[in-house]
Number of protein chains: 2
Amino acid sequence: MSSDQATDIQKRMYNFIVSYMKTEKMPPTNREIGRELQIASTGHVDYHLTMLEKKGLISRQPKKSRGIKLIETITGIPVMGSIAAGQPLEISNDPEEMLDVGRELEPDNTYALIVKGRSMIEDHICDGDYVVIKPQDTCNNGDIVVAVRLQEGMSGSATLKRFFQEKDHDRVRLQPANSELEPIIIPKSEWDEEWKVQGKVVAIFRQCHAA
Amino acid sequence: MSSDQATDIQKRMYNFIVSYMKTEKMPPTNREIGRELQIASTGHVDYHLTMLEKKGLISRQPKKSRGIKLIETITGIPVMGSIAAGQPLEISNDPEEMLDVGRELEPDNTYALIVKGRSMIEDHICDGDYVVIKPQDTCNNGDIVVAVRLQEGMSGSATLKRFFQEKDHDRVRLQPANSELEPIIIPKSEWDEEWKVQGKVVAIFRQCHAA
DNA sequence: CCTTTTATCGAACGTATTTTCCGAATATTA
DNA sequence: TAATATTCGGAAAATACGTTCGATAAAAGG
């Protein structure tokens, strides 16, 4: 809607702000904008920034130096559509959304672990994959979790498994996703004392290296 | 080396700058730093910033408002170690590296596609996964590529397959990773005329939603 | 025990930066 | 054609902000 109404100069101004922020990691001052766009007056720059704000492209923090924020933080990778190997689908020309890979995962205390081995292979988690862990005490049945066995002294050893609380048997089952491997069965009492859920897997990331 | 010599206050200052930049998308002013760390004097803040610069953690642009830059732009998710479901491994307390999920993929013209169906399931690419595509004309045998069939008029339809150039048969084979599906076999001449490699898969990203 | 480094405050100073006001030229619209 | 929005300049006013200086301690090192 209003975003299209931006004038030529305003579009150039907006683009400059975007590129400036990419390189400088901070918004430009009004003077820097003016210098770039060859606008002699800072008041003039202010006018266009006001317009850009009215048109919903930026927001401003009054009285703050460099108080410009982009409304749509266009970080990430554009998602161009869907694809199926079986029946080819169309690829659109406009991004449908931005894949904010990892960015929305960052805020908390999320961390990543590198998966070794094929023990979760049937969940399509491969050797070398990164699993992103969101720390939390509790989890639901079927969640893939990092379970830690508490030990004397140092930090315990951790394991990546699917979590199942089997109420009828009054025990907890930690199930690998590999039919060649056996689950770990722990009586409820022992679980409460010796084990702890460290967090659950919220995302998986795999880099495809050159062969 | 010198980065370790940072004082407690300087570490807190550094951490605040990092978190401020994450939320505000710009560096803080000296006064904002002081307010946060309960330092009453801006000169005092300046002193510690000078120390941080001397110790190589930040760089400063004199006389510029918010003229602070992080030397190591620690975006991303900390990788805390390895984990194997089979034989539990230790989780270290210090991050081994930062998982720059997607960030090093952004610069070029990379884009993402959402995978539909199970046609690449044996390569552990699942329904709903994001595949990150790096555009390129050529590829090597075995690469997972987006192949496009050129058509009259509009943009062609795309398919996700493993690419094999079979020189002995003078043909190209597009192989799905699902034994229930048949490969697409294309004679070399037809390939050159009607097909094109759009790009190759460089990464895979999967979000694990709540059950 | 003395010296050096580090940490702290407060205040003053000068520059950086935004904001506001006035005026004018140009285009757009009614 | 009159009214209105847009685009520009210049300059003053008001903050915001970084920098510098003097003084005081506590901690560290020898």
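Letters go in sequence order (proteins before strands), and every chain restarts at 1.
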**Message:** Does anything in residues 34-48 of chain B come within less than 4.0 Å of DNA chain D? Heavy atoms only, and list the residues if so.
**Reply:** Thr42(B), Gly43(B), Asp46(B)

Whole-Å distance separating the [atom1] atom of [X] from the [atom2] atom of [N]:
| X | N | atom1 | atom2 | result |
| --- | --- | --- | --- | --- |
| Leu52(B) | dG18(D) | CG | C1' | 16 Å |
| Asn30(A) | dG10(D) | CG | P | 17 Å |
| Met13(A) | dT6(D) | CE | P | 14 Å |
| Arg31(A) | dG9(D) | CZ | C1' | 14 Å |
| Met51(A) | dT6(D) | CE | P | 6 Å |

**Asked** Is the centre of the Phe163(A) ring less than 6.0 Å from the centre of the Trp195(A) ring?
**Response** no

**Message:** So if I take the C1' atoms of five pairs at each end of the helix from dC1(C)-dG30(D) to dA30(C)-dT1(D) and get each local axis, what angle do the two axes make, rounded to 10 degrees?
**Reply:** 40°

**Asked** Just the endpoints, please: which first and last nucleotides of DNA chain C, 5' to 3', lie under 4.0 Å from a heavy atom of chain A?
**Response** dT17(C) to dT20(C)

Check this for me: does any side-chain nitrogen of one of [X] and [Y] sit under 4.0 Å from a carboxylate oxygen of the other?
| X | Y | answer |
| --- | --- | --- |
| Asp123(A) | Arg162(A) | yes |
| Arg118(B) | Asp127(B) | no |
| Arg66(B) | Glu24(B) | no |
| Arg60(A) | Asp46(A) | yes |
| Arg206(A) | Asp129(A) | yes |

Is it the case that the side chain of [X] and the backbone of [Y] share a donor-acceptor pair, with hydrogens and angles ignored and the cut-off at 3.5 Å?
| X | Y | result |
| --- | --- | --- |
| Thr7(B) | Gln10(B) | no |
| Glu32(A) | Thr29(A) | yes |
| Asp170(A) | Lys167(A) | no |

**Request:** Could you check Ile144(A), Ile204(A), Val131(A), Ile125(A) and say which one makes a side chain to side chain contact (heavy atoms under 4.5 Å, CB included) with Cys208(B)?
**Result:** Ile204(A)

**Complete:** 5'-most contact on DNA chain C (nearest-nucleotide basis), Asp8(B) vs Ser65(B), goes to Asp8(B)

**Message:** When you measure from the side-chain N and O atoms of Arg66(B) to the phosphate of dG18(D), is any distance below 4.0 Å, counting only OP1 and OP2?
**Reply:** no

**Message:** Which heavy atom of Cys139(A) sits nearest to which heavy atom of Val197(A), and what is that distance?
**Reply:** SG-CG2, 4.0 Å

